[in-house]
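The structure appears below as structure tokens.
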Number of protein chains: 2
Amino acid sequence: MLESHQYLRQFSIKPSVQRSAVMNFLLKNRIHPTIDEIYLALSPSMPTLSKTTVYNTLDLFVEKGAVRALAIDEKNARYDVDISAHAHFKCRSCGSIHDIFDLNANMYQLPENKSFKIDSIEISYFGICEHCIGN
Amino acid sequence: MLESHQYLRQFSIKPSVQRSAVMNFLLKNRIHPTIDEIYLALSPSMPTLSKTTVYNTLDLFVEKGAVRALAIDEKNARYDVDISAHAHFKCRSCGSIHDIFDLNANMYQLPENKSFKIDSIEISYFGICEHCIGN
DNA sequence: ATTATCTTTGTAATTGTTTCAAATAAATAA
DNA sequence: TTATTTATTTGAAACAATTACAAAGATAAT
């Protein structure tokens, strides 16, 4: 929990109890969680926590560059504390999202383009995960 | 409209009036439209058209492989009749989505992976478009 | 012509997200 | 410290996208 405190400061985010709890969850659970997953996980130990706070908190984290919002899931926003350049895999069957590999300089290189000022890239793979193949 | 008819058959989709109209719109308007955009565009000339039908129709098109659903926009599902391997760009400011370039064999190659059975890839770039820079 | 099947429609329910104003907590000034 | 300002959290309500579902309509098969 103290770690999250420190971690937040690195991104100039004032650490409140709620923010530290959310960041702590993200750091310890690398599952690209939805807002709901975060809320449900923290709610038992923080009964007064509001879902709006979780929304606010993640908006702030994204704005400060501490967390990356993923578009890979059409249903819910997904959040990733790992801000390094890497691709994701989403299972069509169970919906789980996994880190799949680091992007090499080739892929990660943002192309020059006269019509668009490009500032980021998201690479997503889709298919069926090991666990779901076994069923 | 006859073209759409033919086009649908290529994907073994039985062409109804509604399906042909939707496909025709997609073929003539390469804007990666949302359900709502399609509905609003067709509604004037097809007053009885229901939004549920547009949802059903696009689900069917995707299932039959005639259309690709894009995850690039967190708010709404986006649909693309161009099923060739190409990347997209989304403007953070106006939300418009554009084809940006064809994927070369390098990028499009689906990697072998022991944990996941990968069947598709989506590459998305984000930034600001020409038009929005000018404002 | 009758029956069965497929497709469309409209309404209602559900889900994810946003808005907003009041309540609480933290920071600053007197 | 106490008072005052500022930031954060909260819960309720509004909103938007999507899904569920049953009835109506169209198409195909007998």
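A note on names: the letters A, B, ... follow the listed sequences, proteins ahead of strands, and every chain is numbered from 1. Because the structure is a prediction, the values reported are computed rather than measured.
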Problem set entry | Rounded interatomic separation in angstrom, taking CG from L58(B) and P from dT8(C) | 12 Å
Exercise. Tell me: CG of D59(B) to P of dT9(C), nearest whole Å?
Worked result: 15 Å
Exercise. For the side chain of T53(B), counting heavy atoms from C-beta on, which of dG16(C), dT9(C), dT17(C) is nearest?
Worked result: dT9(C)
Exercise. For D73(A) and H32(A), does a side-chain donor sit closer than 3.5 Å to a side-chain acceptor?
Worked result: no
Exercise. Are the ring centres of F25(A) and Y79(A) closer than 6.0 Å?
Worked result: no
Exercise. OP1 or OP2 of dA26(D) less than 4.0 angstrom from a side-chain nitrogen or oxygen of Q18(B), does that happen here?
Worked result: no
For this session: Figure out the CE/C1' separation between M46(B) and dT8(C), and round it to whole Å.
Result: 10 Å
Exercise. Is S16(B) near enough to dC6(C) that one of its side-chain N or O atoms lies under 4.0 angstrom from OP1 or OP2?
Worked result: no
Exercise. Base, sugar-phosphate alone, or nothing: which one does D36(B) contact when heavy atoms must sit under 4.0 Å apart?
Worked result: nothing
Exercise. Can you find a heavy atom in the side chain of N24(A) that is under 4.5 Å from one in the side chain of E3(A)?
Worked result: no
Exercise. Taking OH from Y39(B) and P from dT18(D), how many angstroms apart are they, rounded to a whole number?
Worked result: 15 Å
Seminar exercise, completed: From CG of L60(B) across to P of dC6(C) the rounded distance in Å is 13 Å
Problem set entry | Residue pair F61(A) / L26(A), side-chain heavy-atom distance below 4.5 Å | yes
Exercise. Rounded to whole angstroms, how far apart are CG on L70(B) and P on dA17(D)?
Worked result: 17 Å
Exercise. According to a strict under-4.0 Å criterion, is T52(B) in side-chain N/O contact with OP1 or OP2 of dT8(C)?
Worked result: no
For this session: Rounded off to whole Å, could you give me the NZ-to-P distance for the K64(A) and dA7(D) pair?
Result: 12 Å
For this session: Measure from CD on E63(A) to C1' on dA7(D) and round the result to the nearest Å.
Result: 14 Å
For this session: For T34(B), answer base if it contacts any base atom (sugar-phosphate contacts may also be present), sugar-phosphate if it contacts only those atoms, and nothing otherwise; contact means non-hydrogen atoms under 4.0 Å.
Result: nothing
Exercise. Does S50(A) put a side-chain nitrogen or oxygen below 4.0 Å from OP1 or OP2 of dT9(D)?
Worked result: no
Exercise. Picking from dT8(C), dT18(C), dT18(D), which would you name as closest to the side chain of N56(B)?
Worked result: dT8(C)
Exercise. On DNA chain C, nearest-nucleotide positions of K75(B) versus L49(B): which is more 5'?
Worked result: L49(B)
Exercise. Salt bridge or not for R30(B) and D99(B), using N-O below 4.0 Å?
Worked result: no
Exercise. Any idea which of dT7(C), dT19(C), dT9(C) is nearest the K14(B) side chain?
Worked result: dT7(C)
